[in-house]
Amino acid sequence: MPELPEVETVRKALEKAVINKKIIDIYHGNKGLRFPFPYQFKQRVIGKTILKPRRIGKYCILPLNSKQKILLHLGMSGKVRILDKKPKLGNHDHMLINLEDEIYILLTDPRRFGFVDLIEGKERNNKFIKKLGPEALSSGFTGKYFYSLVKNKERNIKSILLDQSIVAGLGNIYVNEVLFITGISPKRKGKNISLRKCFNLVKNIKALLLSAIKEGGTTIKDHLQPDGKLGYFKIKLRVYGKTKSKCFICGFLIKEIKQLGRTSFYCGKCQS
DNA sequence: CACACAACCTGCGAGC
DNA sequence: TGCTCGCAGGTTGTGT
C-alpha cells in the first residue's frame, strides 16, 4: 500500500491523535519484521512523550522528547491504526504502542517487509535515512538537479525514479502514472531525456503527489472510528493496472512489461 | 561505479 | 469446490 501519499496520510492521522502523548507501554513480537525490533526497544522509549510526527520519503518519524526518534517503514503491506481501546492482537499485528489517555497505535504487516528503528542522535546519520536522495516534495528536488543525475545514465527512467537515493518517496504506482502524464516511455534511457522533460517530470511528480495527499486528507477525520481503520484515498489511476484497457487519451491499448522485476504499464502511442 | 536480480514474507485471485 | 501458480504498493545484499 504505502507510497509517499499513504505515509503522509498516516503521518497526519498520527499528528492529530498522538502528539504530546506519553508512551505508557509497548508490545512487539519477537519475530521481527524485515529486521528485528531495536534492542531493548520498550525500555528505551517507555515514559517518553511523542512530539510532532514527520515524514521523509516513505518513512514516518516519531520524534520523542528525549531526542530519540522512532522510525517507521511500512514496506509493502504495513498498516497503522489508531485505536481508543486495547485491541486483541491478531496474527499480523506486530507492534502496539499504548499511550496515555487510552490511545493505541497498532502496526499490522502481513508480509513483514516493513520495519521499525530507533534513532539516537543525528537523524541524517541513520543508516536508512542517509541513503535517501531529496524528498520528492522538497525544494531540493528540482528539474535541474534531476537532469544533472539523469543525463549520464544508461538505465531506464523507470528504475531511476524508483531509486530512493535519487528521489525519495516514489513507488511503482506513482512512477507509472507520472511517466504517462509526462509522455515518457518507461523504457527510455535517462541520458535521452531532455532538460525540458526533466522540468516537466519534476513538476508533474509534485502535483500528482500533492493531489493524492489532498484526496487522502479527506478521509483522515475517520481515524478514530471504532474499527480504527485509516481511510486511504482512492486516486484515479490512469495506467497502473490497466493492461489491455484503452488509453483514455488516444484509445490505444495499455501495454504491460517487466522492469526490475516490477510491472510497468504504459501507452505505446502517448509515451515515447 | 553502475546496474540487474534474487531474496525477504504472506495473502489473494485467476485458472485449471 | 479445491488446488497450484503467479503476482502484489519496497528495500537490501550480492554478483556481474
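Chain letters run A, B, ... following the sequence lines, proteins first, then strands; residues in each count from 1.
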_Connected hydrophobic set around A:Leu253, excluding itself, where side chains approach under 4.5 Å_ = none

*Sequence neighbours left out, what passes side chain to side chain contact (heavy atoms under 4.5 Å, CB included) with A:Asn126? Give chain and number order.*
A:Leu71, A:Asp117, A:Ile119, A:Phe128, A:Ile129

_OP1 or OP2 of C:dG10 under 4.0 Å from side-chain N/O of A:Gln164_ = no

*What is the nucleic acid contact for A:Lys127, judged by heavy atoms within less than 4.0 Å: base, sugar-phosphate only, or nothing?*
nothing

*asked:* Going by the rule side chain to side chain contact (heavy atoms under 4.5 Å, CB included), which residues pair with A:Leu210 if we only count those two or more places apart in sequence or in a different chain?
replied: A:Leu137

*Taking salt bridge (Lys or Arg N to Asp or Glu O under 4.0 Å) as the test, write out the residues that go with A:Lys269, two or more places apart.*
none

*For C:dT12 versus B:dG11, give the span between their C1' atoms, rounded off to a whole number of Å.*
23 Å

*Can you tell me which residue pairs pass the ring-ring contact (aromatic ring centres under 6.0 Å, His included) test with a partner in residues 62-85 of chain A, sequence neighbours excluded?*
A:Tyr59-A:His73, A:His73-A:Phe115

*asked:* Show me the pairs that pass ring-ring contact (aromatic ring centres under 6.0 Å, His included) and involve residues 249-272 of chain A, at least two apart or across chains.
replied: A:Tyr240-A:Phe265

*asked:* Could you list the cluster mates of A:Phe199? Members are the ILVMFWY residues connected by side-chain heavy atoms closer than 4.5 Å, either directly or through other members.
replied: A:Tyr147, A:Leu195

Could you pull out the protein-nucleic contacts involving nucleotides 12-16 of chain B (nitrogen or oxygen on both sides, under 3.5 Å)?
none

_C:dG9 and B:dC3, which share atom name P, separated by this distance in whole Å_ = 22 Å

What nitrogen or oxygen pairs link the protein and nucleotides 4-6 of chain C at under 3.5 Å?
none

Please list, for nucleotides 1-5 of chain B, all pairs of protein and nucleotide N/O atoms separated by less than 3.5 Å.
unit_1	atom_1	unit_2	atom_2	d
B:dC3	OP1	A:Glu154	N	3.1
B:dC3	OP1	A:Arg155	N	3.3

*asked:* Counting only side-chain nitrogens and oxygens, does A:Thr263 get under 4.0 Å of the OP1 or OP2 atom of C:dA8?
replied: yes

*asked:* Give the residues of residues 109-124 of chain A touching DNA chain B, defined as any heavy atom closer than 4.0 Å, sorted by residue number.
replied: A:Pro110, A:Arg111, A:Arg112, A:Phe113

_Given the ring of A:Phe35, does A:Lys127 sit roughly above its face, with NZ or CZ under 6.0 Å from the centre of the six-membered ring and within 45° of the axis?_
yes

_Salt bridge or not between A:Glu100 and A:Lys21? Use side-chain N to carboxylate O under 4.0 Å._
no

*asked:* Could you write out DNA chain B as dot-bracket? Rules: Watson-Crick or G-U wobble, both distances under 3.5 Å, brackets [ ] for crossings, | for pairs with another strand, dot for unpaired.
replied: .|||||||.|||||||

